[in-house]
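Written out below as structure tokens is the structure these notes cover.
No hydrogens, no waters, no symmetry mates; every other heavy atom, side chains included, goes into these values.
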Amino acid sequence: MMPSSAKKAVARPTASPGRPKDLAKRAAILEAAERLFLLHGFEGVSMDQIAAAAEVSKLTVYSHFGDKDSLFTEAAKAYCEQQMPGSVFEPAPEVPVRDRLLDIARSFFSMISAPEAVAGHRLLCSPQMVEKRLAELFWEAGPGRVQKEFAHFLRRRISAGDLEIDDVARASAQFFALVRGELHMRMVFDCHHDPDMTRAEQERAHLEACADMFLRAFGASKVNLRSPAIETATDDD
């Protein structure tokens with residue numbers, strides 16, 4: 001018979017570090033890939049460099065992501081999901097629609113205006129990225145996902161009577177185009193901003209204007225969104 005001490009040793013459950021370790025390696029690879037792609041561009045980074053930076057073998061990188069194209073797409077997707085998770089769009093019917101639009105606009109603008117995001121935008125506009133269709137893959141993984149989530153939000157608010165929209169998908173795209181606006185383009189071009197306002201003031205004014213313009217176009221009670229000055233001018237006409 002087996003000694004009692006041996007029985008205890010056999011019966012004792014053992015930890016299975018494999019899966020957590022794999023997830024940790026995957027996260028390390030994604031972090032290294034994002035950092036190196038932004039520093040050196042897509043063509044300037046090899047899988048060997050990414051493996052070394054993540055402190056894993058090249059075989060491990062390939063086993064997780066297959067090839068460099070897929071790794072780039074997954075790194076971009078992970079960044080977008082981290083900066084703007086689906087929880088941003090979770091139902092909150094008790095919150096006024098304007099406040100919800102502003103919350104979503106702030107989250108989106110914060111995501112696209114971060115230094116690494118601006119650098120990534122420039123990278124996506126490079127000829128190599130266009131030729132390899134990686135910009136299209138990034139769009140599907142990042143901005144495309146955000147627009148779809150926002151469209152679900154819009155449909156809920158239409159059902160609640162807060163909005164009136166015929167083409168939800170188009171309205172979703174228009175909202176984020178408004179949010180990007182001139183301010184983001186100036187960041188990409190590294191142009192100077194309004195010297196009379198701080199960056200925070202410019203962003204606040206820009207995002208509030210975006211929310212108000214969207215509601216003027218699609219708000220269910222459009223007349224209540226107009227300022228008294230506009231109403232007076234209309235009455236005089």
Side-chain angles (χ1 to χ4, degrees), residues 17-89 104-150 176 179-181 183-193 199-200 202-203 207:
R19 186 168 180 77
K21 187 177 180 181
D22 288 345
L23 290 175
K25 286 181 179 180
R26 179 183 176 86
I29 294 167
L30 288 173
E31 189 279 331
E34 178 184 321
R35 176 164 44 85
L36 291 176
F37 283 139
L38 291 176
L39 284 173
H40 306 295
F42 182 81
E43 297 296 338
V45 178
S46 69
M47 295 292 261
D48 286 302
Q49 290 172 306
I50 293 171
E55 299 183 346
V56 300
S57 68
K58 185 167 69 171
L59 180 61
T60 298
V61 178
Y62 278 107
S63 69
H64 277 281
F65 299 101
D67 55 35
K68 192 164 75 166
D69 291 8
S70 298
L71 175 54
F72 177 85
T73 303
E74 287 299 316
K77 179 180 178 181
Y79 173 81
C80 292
E81 290 178 346
Q82 180 183 17
Q83 298 299 316
M84 197 169 184
S87 59
V88 173
F89 302 100
I104 293 169
R106 291 189 192 103
S107 295
F108 181 75
F109 196 81
S110 177
M111 178 180 71
I112 65 174
S113 62
E116 59 269 26
V118 173
H121 182 90
R122 295 174 182 143
L123 175 61
L124 288 166
C125 294
S126 65
Q128 298 94 333
M129 304 301 284
V130 174
E131 290 172 6
K132 293 178 71 64
R133 297 175 64 87
L134 287 175
E136 181 178 347
L137 293 174
F138 166 77
W139 178 267
E140 293 172 359
R145 176 189 65 84
V146 170
Q147 286 189 14
K148 289 177 182 177
E149 293 279 2
F150 185 64
F176 291 112
V179 173
R180 287 187 191 90
L183 200 54
H184 181 253
M185 190 62 67
R186 282 183 173 272
M187 292 178 180
V188 173
F189 292 156
D190 198 20
C191 296
H192 295 292
H193 302 294
R199 174 168 169 172
Q202 291 180 69
E203 288 183 14
L207 297 178

What's the separation between atom [atom1] in [X] and atom [atom2] in [Y], rounded to the nearest 0.5 Å?
X	Y	atom1	atom2	result
M111	Q82	CE	CD	11.5 Å
E34	F37	CD	CZ	10.5 Å
S63	K25	OG	NZ	8.0 Å
E55	I29	CD	CD1	11.5 Å
L207	Q202	CG	CD	11.5 Å

Side-chain donor or acceptor of E203 paired with backbone N/O of A200 under 3.5 Å: no
Expected output: side-chain H184 to main-chain I112 donor-acceptor under 3.5 Å: yes
Worked check of side chain to side chain contact (heavy atoms under 4.5 Å, CB included) between F176 and R180: CA-CA 6 Å; F176 291 112; R180 287 187 191 90; 4.1 Å; yes
Side chain to side chain contact (heavy atoms under 4.5 Å, CB included) evaluation trace for R199 with S113: CA-CA 11 Å; R199 174 168 169 172; S113 62; 3.6 Å; yes
Heavy atoms of other groups near E81 CD, more than 12 under 6.0 Å: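 More than 12 within 6.0 Å, yes.
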Please report the shortest heavy-atom distance between [X] and [Y], naming the atom on each side.
X	Y	answer
F109	L183	CZ-CD2, 3.7 Å
V45	H40	CG2-CB, 3.7 Å
Y79	A114	OH-CB, 3.5 Å
D67	M47	C-CE, 3.7 Å

Test side chain to side chain donor-acceptor pair (under 3.5 Å) applied to T60 and S57, step by step: CA-CA 5 Å; T60 298; S57 68; 2.9 Å; yes
Close side-chain approach of L71 and L30, heavy atoms under 4.5 Å: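 Yes, at least one pair of side-chain atoms sits under 4.5 Å.
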Minimum side-chain heavy-atom gap F42-D69 below 4.5 Å: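 Yes, close enough: below the 4.5 Å cut-off.
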Stepwise side chain to side chain contact (heavy atoms under 4.5 Å, CB included) test for F108 and V88: CA-CA 10 Å; F108 181 75; V88 173; over 6 Å; no
Derivation and outcome, salt bridge (Lys or Arg N to Asp or Glu O under 4.0 Å), residues E74 and R26: CA-CA 10 Å; E74 287 299 316; R26 179 183 176 86; 3.5 Å; yes
Side chains of residues 142-150: which donor-acceptor pairs under 3.5 Å do they make with residues two or more places apart or in other chains?
{"residue": "R145", "atom": "NH2", "partner": "C80", "partner atom": "O", "Å": "3.4"}
{"residue": "R145", "atom": "NH2", "partner": "M84", "partner atom": "O", "Å": "2.9"}

